[in-house]
Amino acid sequence: MLKSLRVRVSQGSQYIPELRSFVPAGFRGLPLISEGACLSGCTACQTVCPTKAISLDPIRIDLGRCVFCGECAPACPEKKIEYTSQVRMGSATLEGLMVTEGQKSLSPVATSAALKKMFGRSLKMRQVSAGGCNGCEAELNAVANVNFDLQRYGIEWVASPRHADALVLTGPLTRNMADAVELAWDAMPEPRFIVAVGACTISGGLYEESSALDRTFLSRFSPTLYVPGCPPHPLTFVAAILDLLGIQRGDAEISK
Amino acid sequence: MSTLLKRATADIAVDDCPRWLEQIRARLGQGARVVTLFGRPEASDVLVTAILQSATGVLELSRTRVTRERGYHTLTRDFPALHCFERELHEQHGVRIADHPWLKPVRFESAQRGTMKEYPFYQIDGKEVHEVAVGPIHASVIEPGSFRFMCLGEVVHHLEIHLGYQHRGVETLLLKRDAKALTPLVETIAGDTSMGHAWCYAAAVESLANVEVSEEIDAARGVGLELERIAMHLSGLAGLATDIGFLQGSATYGRLRTTAINTSMRLCGSRFGRGWIRPGASRAVMDAELAQVVRSNLGLLMKDIAIINDCFLQAATVQHRFRGVGCVTSVQARDLGLVGMAARASGVSIDQRTFGEGVFRTFPMQPVVEDSGDCWARAVIRIHEIDRSLEWIGKVLDRHGTFASTLQPVGNLNGNQFVVSLCEGFRGEVVHCLETDASGKLVHYKVQDPSLRNWFGLALAVRENEISDFPICNKSFDLSYCGNDL
């Protein structure tokens with residue numbers, strides 16, 4: 001009992017009160033591209049990018065492909081690319097994942113009135129990894145730990161797809177998991193939606209050219225939400241899902 | 001720096017098969033252990049390479065050439081540690097392995113893709129016998145894999161593990177890209193072992209390019225590797241606590257892991273150490289101010305981990321649930337070729353850091369060994385290894401007060417070279433074997449995560465245990481699915 005109390009005292013209060021305004025120090029998050037012309041014919045950033053995330057003229061970074069390795073920043077002779085610790089990068093559309101020149105932040109995920117009505121007070125999620133490396137999976141687990149504590153909003157992981165409203169996919173979708181992904185989706189009752197987490201799921205990422213994948217599931221069913229990263233910071237996921245569901249309550253309100 | 005062996009391919013004798021087999025049998029009989037064995041197609045034949053390691057850490061390399069149809073007579077019957085390598089050799093290259101007891105595909109790759117459902121599991125008959133199938137999707141947020149239990153009542157008679165769902169074709173992709181720019185891909189081979197795999201790869205490439213990295217780069221990498229170990233061991237302890245309903249352990253070990261991974265993030269931008277290591281480089285940056293933050297985090301970990309350990313280890317419920325459950329004996333661990341933490345928990349002291357050069361020579365690391373081989377041993381070993389790693393990082397930081405992002409140029413890779421590189425990740429030894437052609441281009445890249453060898457340890461651990469103890473047995477090994485499936 002005394003040992004337990006000692007742990008309790010050492011534990012203190014660990015939760016992050018305001019999840020959406022918290023900035024994780026040191027995190028290599030949202031890349032920004034400063035304005036100004038590139039050197040004529042320069043393709044340095046594109047050449048070092050392992051996932052073809054960068055397009056030129058005008059220069060843009062596709063966060064659906066970016067693995068945040070940071071190689072492009074030092075490669076650019078004009079120092080146009082800079083990584084910030086911003087975590088808010090989710091989007092309801094693939095176009096929304098594009099970072100363009102001069103942009104200072106990404107616009108928050110647009111709230112879906114329909115989803116807000118249905119799931120704004122309770123959302124159950126089933127996670128399925130289909131080739132995920134345990135990076136995304138570990139960070140998704142973390143959203144439920146004592147620091148991020150997403151359950152405070154009634155948002156929880158569930159064991160069975162039968163209980164789930166959202167299918168949260170990670171990994172590039174391997175051929176050997178194709179049947180299981182389909183089965184999980186089929187087992188989910190309507191209304192339901194898909195969240196694509198990490199560069200692997202969104203675009204194939206580092207595994208795009210692999211012949212061991214079967215991504216046809218995503219050509220038949222479109223994700224409602226994209227959460228970029230490699231892996232995404234838990235807060236990237238948290239902010240995206242709260243914005244999508246239009247959950248505005250701050251923490252003070254919840255404790256009332 | 002990792003344990004490493006490099007040879008010019010011209011200097012590697014290609015023995016005739018009977019002689020090669022005889023040599024391996026002799027060395028294994030004399031106490032050497034197998035590190036890896038794999039094939040590489042050459043014309044219509046397959047070159048088979050074996051790497052053994054002596055008790056003092058010396059790596060031994062031997063090679064033979066076999067035809068696919070003829071193959072060779074299995075070594076697994078006498079040396080079960082080879083079972084996974086021979087299965088892989090058969091699966092990847094179609095080499096006939098005569099008399100192998102169990103040629104089940106390791107990961108259902110290539111031609112086997114999409115046939116996982118048709119695979120005939122072992123079956124046993126009897127009045128009280130029943131089977132339980134679990135997976136590939138499990139109840140929690142975790143990678144997929146399938147388990148088939150054959151039970152007599154509540155007791156597990158045998159567990160057959162069915163893996164391959166995570167197969168992404170890593171080894172093929174590694175050959176498609178610039179050999180010096182593979183780190184982002186390598187960091188995702190097993191994402192929770194990003195540092196272990198990245199260091200293994202970088203050391204191999206540096207060796208092929210004749211680059212020797214500075215003491216500072218080596219030290220920074222060591223700190224990253226040990227932070228990864230601390231974080232993943234804390235994650236394992238949190239999981240073990242969750243699985244026995246010891247919620248205070250789950251919450252506290254979990255939040256301490258956050259401190260460990262956030263420390264990595266402060267140094268390199270990623271909670272998984274991604275971006276820290278590149279060939280010829282360490283990109284971790286720690287100025288004097290940040291060094292204070294790191295030291296304060298390490299201090300907090302030391303202090304608070306001791307408090308929760310005291311509560312966790314003394315609790316009757318924890319002892320009752322872990323002691324004597326999921327035992328793997330020393331003999332079994334040795335026979336099966338278990339590696340890393342799982343082997344050390346069964347009294348088999350293998351730890352590449354103890355053979356290591358560089359930073360692990362300057363700052364020696366004593367292996368932690370437990371004898372009981374049960375879930376308790378695999379929990380306690382994590383606790384002791386965390387303590388030792390924290391202490392070790394402290395010593396390194398006393399010498400290296402700051403880290404700067406350092407890049408030593410890595411030129412072209414030398415042609416016709418073979419290199420094997422080993423690095424002790426948190427689960428055990430990560431092994432990468434690279435071979436170049438005359439122009440210095442990679443012709444072969446063999447990746448081995450410790451999970452490949454340790455999965456069968458889990459299958460043995462649950463035998464004669466209650467099926468309800470499977471979750472804690474599984475968590476106590478904490479193996480990687482994608483690391484096995486590649």
Side-chain angles (χ1 to χ4, degrees), chain A residues 3-4 6-8 10-11 14 24-28 48 50-51 67-71 83 127-142 144-147 157 159-161 171-172 174-180 183-184 200 205-207 209-214 230-231 233, chain B residues 107-109 113-114 116-117 136-144 164-170 172-173 176-177 181 183-185 187-192 194 235 238 248 251-252 254-255 258 262 265-272 274-275 283 303-304 307-308 310-311 314-315 480-482 485:
Chain A
K3 289 181 195 301
S4 194
R6 239 180 115 216
V7 174
R8 186 65 199 87
S10 82
Q11 181 81 347
Q14 292 291 334
F27 180 62
R28 189 165 50 250
V48 295
T51 51
V67 290
F68 298 80
C69 63
E71 301 285 348
Y83 282 80
Q127 205 277 314
V128 174
S129 167
C133 71
N134 206 24
C136 288
E137 293 76 7
E139 291 299 47
L140 290 176
N141 255 318
N145 73 12
V146 292
N147 306 107
W157 298 113
S160 169
T174 58
R175 168 67 188 89
N176 284 345
M177 267 304 279
D179 295 346
L183 212 61
C200 281
L206 292 156
Y207 295 91
E209 302 156 44
S210 170
S211 61
L213 307 184
D214 178 351
C230 186
H233 194 283
Chain B
R107 59 181 72 92
F108 293 83
E109 59 180 299
R113 257 176 229 155
M116 296 191 70
K117 272 201 294 204
I137 300 177
H138 301 287
S140 52
V141 180
I142 187 176
E143 295 177 67
Y165 297 98
Q166 295 282 74
H167 177 62
R168 300 156 292 170
V170 168
T172 311
L173 288 175
K176 280 190 178 170
R177 300 176 190 170
T183 326
L185 184 59
E187 285 169 337
T188 64
I189 290 171
D192 48 28
S194 292
S235 161
Q248 204 166 23
T252 302
R255 68 99 176 165
T258 305
N262 283 351
M265 178 171 72
R266 290 302 293 266
L267 294 174
C268 79
S270 155
R271 307 203 321 157
F272 294 77
R274 294 184 186 177
R283 302 202 302 199
K303 184 171 126 306
D304 286 6
I307 296 172
I308 180 64
D310 186 38
C311 177
Q314 300 296 320
S480 170
Y481 299 76
C482 59
D485 297 350

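Lettering follows sequence order; numbering is per chain, from 1.
- Of the two parts of Asp179(A), only the side chain, counted from C-beta on, holds a non-hydrogen atom closer than 4.5 Å to a non-hydrogen atom of chain B.
- Of the atoms belonging to Ala181(B), not a single heavy atom falls under 4.5 Å from chain A.
- Both the backbone and the side chain of Phe108(B) come within contact range of chain A, judged by heavy atoms closer than 4.5 Å.
- Of the atoms belonging to Asn141(A), heavy atoms from both backbone and side chain fall under 4.5 Å from chain B.
- No donor-acceptor pair under 3.5 Å is formed between the side chain of Asn134(A) and the backbone N or O of Asp192(B).
- Remark: side-chain polar atoms of Thr174(A) are not paired, donor with acceptor, to backbone N or O of Arg168(B) under 3.5 angstrom.
- With a 4.5 Å cut-off on non-hydrogen atoms, Cys482(B) touches chain A through its side chain but not through its backbone.
- Across Ala180(A), Ala25(A), Cys69(A), the residue that shares the most heavy-atom pairs under 4.5 angstrom with chain B is Ala25(A).
- At a 4.5 Å heavy-atom cutoff, Cys200(A) makes no contact with chain B through either its backbone or its side chain.
- Residue Pro161(A): no heavy atom, backbone or side chain, is found under 4.5 Å from chain B.
- Counting heavy-atom pairs closer than 4.5 Å to chain B, the top residue among Cys230(A), Ala142(A), Ala184(A) is Cys230(A).
- Note: Arg274(B) leads Arg274(B), Met116(B), His167(B) in heavy-atom pairs under 4.5 Å with chain A.
- Neither the backbone nor the side chain of Lys303(B) comes within contact range of chain A; no heavy atom of the residue lies under 4.5 Å from a heavy atom of that chain.
- One side chain, Tyr207(A) or Thr188(B), offers a donor N or O that lies under 3.5 Å from an acceptor on the other.
- Using a 4.5 Å cut-off between heavy atoms, Ile307(B) contacts chain A through both its backbone and its side chain.
- Interface summary for chain A: among Leu185(B), Thr172(B), Ile308(B), the most heavy-atom pairs under 4.5 angstrom belong to Leu185(B).
- You'll find the side chain of Ile137(B) stays beyond 4.5 Å of the side chain of Gln127(A), heavy atoms only.
- Ion pairing between a basic and an acidic side chain is recognised when a charged N comes within 4.0 Å of a carboxylate O; Arg283(B) and Glu71(A) show such pairing.
- With respect to chain A, the highest number of heavy-atom pairs below 4.5 Å among Asn262(B), Ile189(B), Asp310(B) belongs to Asp310(B).
- With a threshold of 4.5 angstrom between heavy atoms, Glu187(B) does not approach chain A through any atom at all.
- The closest donor-acceptor contact from the side chain of Gln248(B) to the backbone of Val7(A) lies at 3.5 Å or more, if one exists at all.
- Annotation: the span from Arg6(A) atom CZ to Cys311(B) atom SG amounts to 10.0 Å, rounded to 0.5 Å.
- Between chain B and the residues Gln14(A), Glu137(A), Arg8(A), the largest count of heavy-atom pairs under 4.5 Å involves Gln14(A).
- The minimum heavy-atom distance linking Met177(A) with Tyr165(B) is given by the pair CG-O, 3.4 Å.
- Proximity to chain B (any heavy atom under 4.5 Å) is shown, for Glu209(A), by both the backbone and the side chain.
- Listed for the Asn176(A) side chain is no donor-acceptor partner under 3.5 Å among the backbone atoms of Gln166(B).
- Counting only N and O atoms by type, the side chains of Glu143(B) and Ser129(A) include no donor and acceptor under 3.5 Å apart.
- Counting heavy atoms from C-beta outward, Trp157(A) and Ser140(B) have side chains that stay 4.5 Å or more apart.
- For chain B, no part of Ala144(A) is nearby; none of its heavy atoms comes within less than 4.5 Å.
- With contacts defined as side-chain heavy-atom distances shorter than 4.5 Å, the pair Arg177(B)/Pro50(A) does not qualify.
- For the pair Phe272(B) and Ala138(A), the tightest heavy-atom approach, listed with the atom from each and the gap, is CZ-CB, 3.8 Å.
- Between chain A and the options Pro184(B), Ala238(B), Gly169(B), heavy-atom pairs under 4.5 Å are most frequent for Pro184(B).
- Neither the backbone nor the side chain of Ser160(A) comes within contact range of chain B; no heavy atom of the residue lies under 4.5 Å from a heavy atom of that chain.
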